[in-house]
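Report on the following structure.
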Number of protein chains: 2
Amino acid sequence: MADGSTNDTITQPSSKLEQAIRVDLAEGRLAVDRRLPPERELAERYVTTRITLREALSHLEMDGLIYRENRRGWFVSDRRLVYNPLWRTDFQRMTREQNRQASTELIEAVSAIAPEAICALLEQPVGTEFWRIRRRRRVDGRLVVFVEHHLNKTVFSDILEQDLTGSLTNLYREKYALEYGDVSFEINPISLTGMPATELRCSDGTFGLQIVRVNRDQSGLILDCDVEYWRHDAVSIRIDTRDGPG
Amino acid sequence: MADGSTNDTITQPSSKLEQAIRVDLAEGRLAVDRRLPPERELAERYVTTRITLREALSHLEMDGLIYRENRRGWFVSDRRLVYNPLWRTDFQRMTREQNRQASTELIEAVSAIAPEAICALLEQPVGTEFWRIRRRRRVDGRLVVFVEHHLNKTVFSDILEQDLTGSLTNLYREKYALEYGDVSFEINPISLTGMPATELRCSDGTFGLQIVRVNRDQSGLILDCDVEYWRHDAVSIRIDTRDGPG
DNA sequence: TCACCTCATTGGTATAGACCAGATGTGTGG
DNA sequence: CCACACATCTGGTCTATACCAATGAGGTGA
């Protein structure tokens, strides 16, 4: 589709500095191995101050051209991953189909009382315990999403004994003979703070996309809920009713 | 659902200044009639510089608590409008159901050659002319979205004679006896620049959500495509497969 | 009455320099 | 070989000041 490019007829660039960086980036004069030089060096190169430079970099960051890792530096963004939250294909397969390389890291898998909002979503009384699984995923090496799953403990009594770095979708099907049914989700543009920011190694307040999803099985039973925090420039949501619910 | 609140267990605030402003906002000590005092005044009040203050305000802006209008000032954000891009209910009705007040302003309605990307989406040769309708919409008085429609000129030969500040959905049904069929759309977090920024009166580079949608009728004929540019803090996307395609 | 102009107000951008804090790599000592 | 401490590199935050540019209110003149 339109691929999120902002070089439309109706969108225009802004400052000269920003434009200069944009050109240098496009022609590959700036980044070495997808990494930009330090801010101090860039400020010197463009004969400006760090503050002004950082303004420009922030704009390019919001535009999705570059991103930063907290106190580590600036990097060039790759193309967005196309994501359909209605499809329940596992992450590995989804990325493979787009010729990308995915990996998943398990952060924790524990039993915990879910926050009120989560209990409500899962239609359980406030204070109910769920399995809480926190993971983060990379695409082509880059950290792109932090996910927090809350699973029904009754349905998945022994899930902690499984390999949780793989696809939960596959586990559901293979170990518990569950197929997905209805899905509901919510997408909110938010700023990443706290654990999502830490885990994604982005500085506090970086822009992101929160996707809250509630999954049911064929009979309508609520299986789990996952809250995803995406780096904003790493994803493009795409849905087509002709595809069916997948 | 989770309503986009970032006061989860896993998200935390950041700097002291930011926190102070957050508290003052929450307790209504800051805004008069939803408008914040000038930056210079705020900087004095919190004993800091404008630069530092603006950093903090930007964070709160990304968090969706406040927003700015270009060179006009800072304002307190209202709650998000819940939006399901699969539903074809008209804007007026959608907002009314959420006890909000909507209005639409027509910017232009002309015949124009569509950009390549749009022609591709509409499955027409490059260089095809379409009706191009540009509008902007408000919710409770606030500018929240800029929309650019591209309509098939053959299907809607006399659409310029209609009232274009109302619902196109209703026009399609009432004047052209067309009902919506399949829909496909794409959501991209982007920065607002150029015309969308100007029309929404936000400063260049403000964060936004771009939604590109292609609409078909019952027989699969492509009717139109609309590109929406939302202010990021004004909308929450929500989809539930149990609702059906609406 | 209305179009136009002027000017005060407001945010937007810029300079210059300093220090803080997390991330990393290096080297030392066990 | 490994664990730990330290130096250094990086971005993150902050002070202080200045000027630019769009907005909007008020006044002026046709």
Side-chain angles (χ1 to χ4, degrees), chain A residues 12-21 30-62 66-75 143 191-195 197-207, chain B residues 12-21 30-62 66-75 143 191-195 197-207:
Chain A
Q12 298 297 330
S14 41
S15 84
K16 294 137 283 179
L17 170 60
E18 195 181 320
Q19 194 52 27
I21 301 178
L30 223 48
V32 177
D33 208 24
R34 306 195 74 76
R35 183 187 192 122
L36 273 69
E39 292 179 356
R40 287 167 176 83
E41 204 173 299
L42 286 172
E44 197 176 349
R45 180 153 163 185
Y46 291 101
V47 198
T48 181
T49 54
R50 263 186 75 208
I51 296 212
T52 306
L53 176 85
R54 277 169 62 81
E55 272 284 325
L57 291 177
S58 295
H59 274 177
L60 298 178
E61 179 188 31
M62 289 203 279
I66 58 177
Y67 67 96
R68 54 183 130 175
E69 289 196 8
N70 199 11
R71 287 169 205 278
R72 280 169 38 82
W74 293 88
F75 303 85
L143 287 166
S191 76
L192 301 173
T193 54
M195 182 176 289
T198 309
E199 291 301 329
L200 292 176
R201 297 220 276 196
C202 61
S203 27
D204 211 278
T206 300
F207 218 89
Chain B
Q12 298 296 331
S14 40
S15 85
K16 295 137 283 178
L17 171 60
E18 195 181 322
Q19 192 54 26
I21 300 178
L30 223 48
V32 177
D33 209 25
R34 305 195 74 79
R35 184 188 190 121
L36 272 67
E39 293 179 356
R40 287 166 176 83
E41 205 173 299
L42 286 172
E44 197 175 350
R45 181 154 163 185
Y46 291 102
V47 198
T48 182
T49 54
R50 263 185 74 208
I51 296 211
T52 305
L53 176 87
R54 277 168 62 81
E55 272 284 326
L57 291 177
S58 295
H59 275 177
L60 298 178
E61 180 188 32
M62 288 204 279
I66 58 177
Y67 66 95
R68 55 184 129 173
E69 290 195 8
N70 199 11
R71 286 171 205 276
R72 280 169 39 81
W74 292 88
F75 303 84
L143 287 166
S191 76
L192 301 173
T193 54
M195 183 176 291
T198 309
E199 291 301 329
L200 292 176
R201 297 220 278 195
C202 60
S203 28
D204 210 279
T206 299
F207 218 90

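Labels below follow one simple rule: chain letters A, B, ... track the order of the sequence lines, proteins then strands, and each chain is numbered from 1.
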Checklist line | Separation of atom CZ in A/R68 from atom C1' in C/dA23, rounded to whole Å | finding: 16 Å
Note to self: How many whole angstroms separate atom CG of A/L200 from atom P of C/dA23?
What the structure shows: 14 Å
Margin query: Without decimals, in angstroms, what is the distance between A/L53 CG and C/dA14 C1'?
Written below: 13 Å
Check: Hey, which of B/L42, B/L60, B/I66 is the one that makes side-chain contact (heavy atoms from CB on, under 4.5 Å) with B/I21?
Finding: B/L60
Checklist line | Close side-chain approach of B/R54 to B/R68, heavy-atom, < 4.5 Å | finding: yes
Notebook entry, point to check: Is a side-chain donor-acceptor pair under 3.5 Å present for A/W74 with A/E39?
Noted result: yes
Margin query: Rounded to whole Å, how long is the line connecting atom CG of A/N70 with atom C1' of D/dG12?
Written below: 8 Å
Next item on the list: Find out whether B/R45 and B/L30 are in side-chain contact, i.e. whether some heavy atom of one side chain is under 4.5 Å from a heavy atom of the other.
Entry: yes
Next item on the list: Take atom OH of B/Y46 and atom C1' of D/dT13, then tell me their distance rounded to the nearest Å.
Entry: 19 Å
Note to self: Rounded to whole Å, how long is the line connecting atom CG of A/D204 with atom C1' of C/dG22?
What the structure shows: 13 Å
Please list each protein N or O that sits under 3.5 Å from an N or O in nucleotides 6-10 of chain D, with the distance.
none

Next item on the list: Work out which heavy atom in A/T193 is nearest to a heavy atom in A/G205; give both atom names and the distance.
Entry: CG2-N, 3.9 Å
Please enumerate all protein N or O atoms sitting under 3.5 Å from an N or O of nucleotides 14-17 of chain D, with distances to 0.1 Å.
| residue | atom | partner | partner atom | Å |
| --- | --- | --- | --- | --- |
| D/dT15 | OP2 | B/T48 | OG1 | 2.7 |
| D/dT15 | OP2 | B/T49 | OG1 | 3.4 |
| D/dT15 | OP2 | B/T52 | OG1 | 2.9 |

Item checked: Closest contact, heavy atoms only, B/A43 versus B/L53 -> N-CD2, 3.9 Å
Checklist line | Donor-acceptor under 3.5 Å (B/T52 side chain, B/T48 main chain) | finding: no
Notebook entry, point to check: Using a cut-off of 4.0 Å on non-hydrogen atoms, how would the nucleic acid contact of A/R54 be classed: base, sugar-phosphate, or nothing?
Noted result: base
